[in-house]
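Position 1 is the first residue of the sequence, and the numbers go up from there. Predicted, not measured: the structure shown is a model, and the values here were computed from it.
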Amino acid sequence: MADLSLKHIYKVYPNGTKAVNDFNMQIADKEFIVFVGPSGCGKSTVLRMIAGLEPITAGELKIGDVVVNELEPKDRDIAMVFQNYALYPHMTIYENIAFGLRMRRIPDIKKDKDGNIVRDKNGEPIKVMRKYNKAELDAKVNEAAEVLGITDYLKRKPKEMSGGQRQRVALGRAIVREPKVMLLDEPLSNLDAKLRTQMRSEIVKLHKKLNTTFIYVTHDQVEAMTMGTRIVVMKAGYIQQIDTPKNLYKYPGNKFVAGFIGTPQMNFFEGTLKKVGDEVIIDFANSDAKITVPYSMMMKTMPLYLNGDKTVIIGLRAEDVSLDPEKVEKSTAKIKVKISHTEELGTETLVYGDIDMNGNGFDDTGTRIIIKAGGFKDYKTDDILEAALDITAIHLFDKETEESILPRIPQYNFLDCVSKDGKLQFCNVEIVIPPAISLSDGNYHLLVPPAAITLEGNISAEVVGCEEINGQVLVSLDIGGRRLFALTDKSVENGKTTIKVDLKSIALYKDGENVVSPMPMLNTMNGTFAMVKNGKVRSYYAVIGGKQLAVPEQIYLKMFAALSGRKVYNTSFDYEWSPYDIAISNDGIEGEVVEVLDYGTEQFAKVNAAGSTLYIKTDKPVSGKVHISPDVSAVGVVEKTRGIKIV
């Protein structure tokens, strides 16, 4: 059994095509992970890289505690089930399942013909590698056959079996090896609908019985939703979102995920949002539809979307719109729908219509709507009916980026504030403005990332709720009657607390213009890579600003793996460090201090060096010409040409 770690995994083909871009994921032992996405999204490529059938261009892949990038597939302790079964037609089912075991050697102790242990001259048992004997083969094959329900078919040939039975044989051949990780590449795509449903249940049951890690690839979102403990949604080589089936459905991170997960696809409309007092008016474009929702629903939304000028995408699932007269009567959010046609599916009816009274409900023009109704329903074409919207299930996306503007973790807390006499006032709180922030008196908009608010400080607050989101805890705080959000790594009990704000992370706006920006937390310097040979000893260096910085083995090996041969010496790299991983010293890269930023509890030197502007934590006054020494063990490395993050 094993967990998997995939860090900055890339697959770039010789023609420059990026099949997989910066894939990062931690897979826990015994998880059932599903990769899902349209054809060409890179999901099978990732699976093949895990299996060792496809070389990794850059990145680190661990199975357990072992980096397996360079290991052969047979040495990775994985088993793979393919889409086309890959059975040997001339062998019986028994022989197909046993074939891999016959080729495999296992560790054992050498014994004589009487079964006694043979020892070396030191009295230690002699270790050997041997093949499975017939009794062991029989036991393993029969156990797998019993688990999969194919014991009666062991003497048959594959041609005598159905598609579902052949797929069970392929699974049997994989599980007899007792692998650390099971990889399944669209194993059900060749089966009919009834068999697919049956085999879905079989595979889920098998996962529970084997208690090992499963990674499953499919393009079918129904398979993904019904089988996976977590789902990875991919598009064009990029991860779009990783989450549980429930969270993907309820909290899609972008429009693509929202439209890909769920049947029928989510309804999408263009519109605007306008905050008026404690309410927000949602105005649907190209129709007369308009609803009002409480502002408390939109507290995580950036104010720039709430001024009524910026077009957004409004998303509603078919089941969150109702034509039921009782629901319509009670609803406070109603729109008119012109019915076009219906699709009766037995347990439910899909009602197609248009929120534009001049629309036809057939063409996806941006005003078409699909509504789920229970059982058989009889609606007449061109009827105009009122529909009730479940306002708690509305999704909103940026029109350009298609990212959610109602995220579970907000990008910023947005506050009105006043600067007066060197102090910043917000939420009935007053804090001293540090020297690093230059601010005249006046009214401003303050943006504070949730990660910039930490518990235990000098500002009084009250915890009113916690929500665990993908390993992080979003803490809801009440400060002077305003709701703020903070991020922590553990839950906090409701009640009185204190907080502090990391002022180097805030932004301030006045009349729509950015007047204070967060301090950059990533320093980048461009450089090359070099090798120096001293006799038989080779040393490797990052060359930045004419200075050589010795590169640790774990880093230069990754650089060689990403750039074969001598290419590594002819490539431009961006070397990255945080402000805390560069020191001002007596030797190193030459630079000049522009200014020292004093944030009260921390000071940072702004330094021009090697053609870059850097921000460096400092505990003492510095000025003029200086030397800087980056911690090379903490470096991030990006190959500029292909945009690959190597470290």
Side-chain angles (χ1 to χ4, degrees), residues 1-4 27-33 44 46-54 61-89 91-109 127-151 153-154 158 161 165-188 199 202-217 227:
M1 309 306 130
D3 50 9
L4 281 84
I27 300 175
D29 184 25
K30 301 173 187 175
E31 271 199 284
F32 195 128
I33 298 296
S44 289
V46 175
L47 196 78
R48 290 173 64 82
M49 286 193 286
I50 294 171
L53 303 177
E54 195 83 56
L61 170 63
K62 278 186 178 180
I63 298 179
D65 296 325
V66 180
V67 177
V68 300
N69 290 47
E70 304 302 323
L71 288 185
E72 294 292 325
K74 66 182 178 64
D75 299 323
R76 298 191 181 196
D77 202 2
I78 53 96
M80 191 162 180
V81 179
F82 297 92
Q83 177 180 341
N84 60 359
Y85 320 135
L87 302 179
Y88 297 104
M91 293 183 181
T92 64
I93 300 310
Y94 179 98
E95 291 165 340
N96 265 285
I97 295 174
F99 182 78
L101 296 179
R102 292 187 193 279
M103 300 295 105
R104 197 178 187 190
R105 291 181 178 271
I106 56 173
D108 202 356
I109 302 298
K127 296 178 181 179
V128 295
M129 297 295 291
R130 66 168 179 84
K131 292 186 176 182
Y132 285 100
N133 59 43
K134 188 176 187 310
E136 290 169 330
L137 280 176
D138 285 345
K140 281 187 165 291
V141 172
N142 288 327
E143 183 184 2
E146 186 176 344
V147 167
L148 295 164
I150 53 173
T151 304
Y153 309 122
L154 290 177
M161 303 184 74
Q165 290 167 338
R166 289 182 207 175
Q167 195 57 272
R168 286 197 189 97
V169 176
L171 286 167
R173 187 172 56 192
I175 67 174
V176 289
R177 297 186 66 249
E178 298 179 2
K180 289 181 179 176
V181 184
M182 283 275 288
L183 308 177
L184 300 96
D185 190 6
E186 304 205 42
L188 309 184
M199 285 303 297
E202 295 281 350
I203 291 173
V204 171
K205 185 170 73 175
L206 183 64
H207 172 252
K208 291 179 179 177
K209 189 171 289 188
L210 296 179
N211 237 0
T212 191
T213 307
F214 273 45
I215 303 177
Y216 187 102
V217 163
M227 299 173 76

Across all chains, not counting sequence neighbours, the salt bridge (charged side-chain N to carboxylate O under 4.0 Å, His left out) partners of Glu31 are Arg230

Identify, with sequence neighbours excluded, every residue that meets side chain to side chain donor-acceptor pair (under 3.5 Å) alongside Asp185.
Ser44

Give the minimum heavy-atom separation between Met80 and Ala51, together with the two atoms involved.
SD-CB, 3.8 Å

Checking Ala98 now: which residues fulfil side-chain contact (heavy atoms from CB on, under 4.5 Å) with it, not counting sequence neighbours?
Tyr94, Arg102, Leu137, Val141

Would you mind reporting whether Leu171 and Met199 have side-chain heavy atoms less than 4.5 Å apart?
yes

Between CG on residue Leu148 and CD on residue Glu143, distance to nearest 0.5 Å:
10.5 Å

As a quick check of understanding, evaluate side chain to side chain contact (heavy atoms under 4.5 Å, CB included) for Glu178 and Lys140, giving each step before the final call.
CA-CA 10 Å; Glu178 298 179 2; Lys140 281 187 165 291; 3.0 Å; yes

With sequence neighbours excluded, residues passing side-chain contact (heavy atoms from CB on, under 4.5 Å) with Met129
Arg105, Pro107

In chain order, what residues pass the side chain to side chain donor-acceptor pair (under 3.5 Å) check against Tyr132, with sequence neighbours excluded?
none

Supply the atom-to-atom distance Leu183 CG to Tyr216 OH, rounded to the nearest 0.5 angstrom.
13.0 Å

Listed by chain and number, what are the salt bridge (charged side-chain N to carboxylate O under 4.0 Å, His left out) partners of Lys134, not counting sequence neighbours?
Asp138

Could you tabulate the donor-acceptor pairs under 3.5 Å formed by side-chain atoms of residues 61-74, not counting sequence neighbours?
unit_1	atom_1	unit_2	atom_2	d
Asn69	OD1	Leu61	N	2.9
Asn69	ND2	Gly59	O	2.8

Salt bridge (charged side-chain N to carboxylate O under 4.0 Å, His left out) pairs, two or more places apart, involving residues 165-177
Arg168-Glu202

Could you go step by step and tell me if Lys209 and Ile175 meet the side chain to side chain contact (heavy atoms under 4.5 Å, CB included) rule?
CA-CA 11 Å; Lys209 189 171 289 188; Ile175 67 174; over 6 Å; no

For residues Ile215 and Leu47, report the shortest heavy-atom separation together with the two atoms involved.
CG2-CD1, 3.6 Å

For Glu95, side-chain contact (heavy atoms from CB on, under 4.5 Å) partners two or more places apart
Met91, Thr92

Taking atom CD of Glu146 and atom CG of Asn142, what is their separation to the nearest 0.5 Å?
8.5 Å

Whether Gln167 side chain and Pro187 backbone form a donor-acceptor pair below 3.5 Å
yes

Within-4.5 Å side-chain heavy-atom neighbours: Asp3 and Thr213
no

Sub-4.5 Å side-chain heavy-atom contact between Phe214 and Ile203:
yes

I'd like to know if the side chain of Asp29 reaches the main chain of Ala2, judged simply by a donor and an acceptor atom lying under 3.5 Å from each other, with no hydrogens or angles considered.
yes

Partners meeting ring-ring contact (aromatic ring centres under 6.0 Å, His included) with Phe82 (sequence neighbours left out)
none

Supply the atom-to-atom distance Leu184 CG to His207 NE2, rounded to the nearest 0.5 angstrom.
10.5 Å

Please name the pair of heavy atoms, one in Asp77 and one in Pro179, separated by the smallest distance, quoted to 0.1 Å.
OD1-CA, 3.6 Å

Using the test salt bridge (charged side-chain N to carboxylate O under 4.0 Å, His left out), find all partners of Asp108 that sit at least two apart in sequence or belong to another chain.
Arg130

Are Asn96 and Pro158 close enough that some pair of their side-chain heavy atoms sits under 4.5 Å apart?
yes

List in chain and number order the residues that pass salt bridge (charged side-chain N to carboxylate O under 4.0 Å, His left out) with Arg48, two or more places apart in sequence or in another chain; answer none if no residue qualifies.
Glu54

Full working for side chain to side chain contact (heavy atoms under 4.5 Å, CB included) between Met161 and Leu87:
CA-CA 12 Å; Met161 303 184 74; Leu87 302 179; over 6 Å; no

Would you sort out whether Ile97 and Leu154 count as a side chain to side chain contact (heavy atoms under 4.5 Å, CB included), showing the intermediate values?
CA-CA 9 Å; Ile97 295 174; Leu154 290 177; 4.2 Å; yes

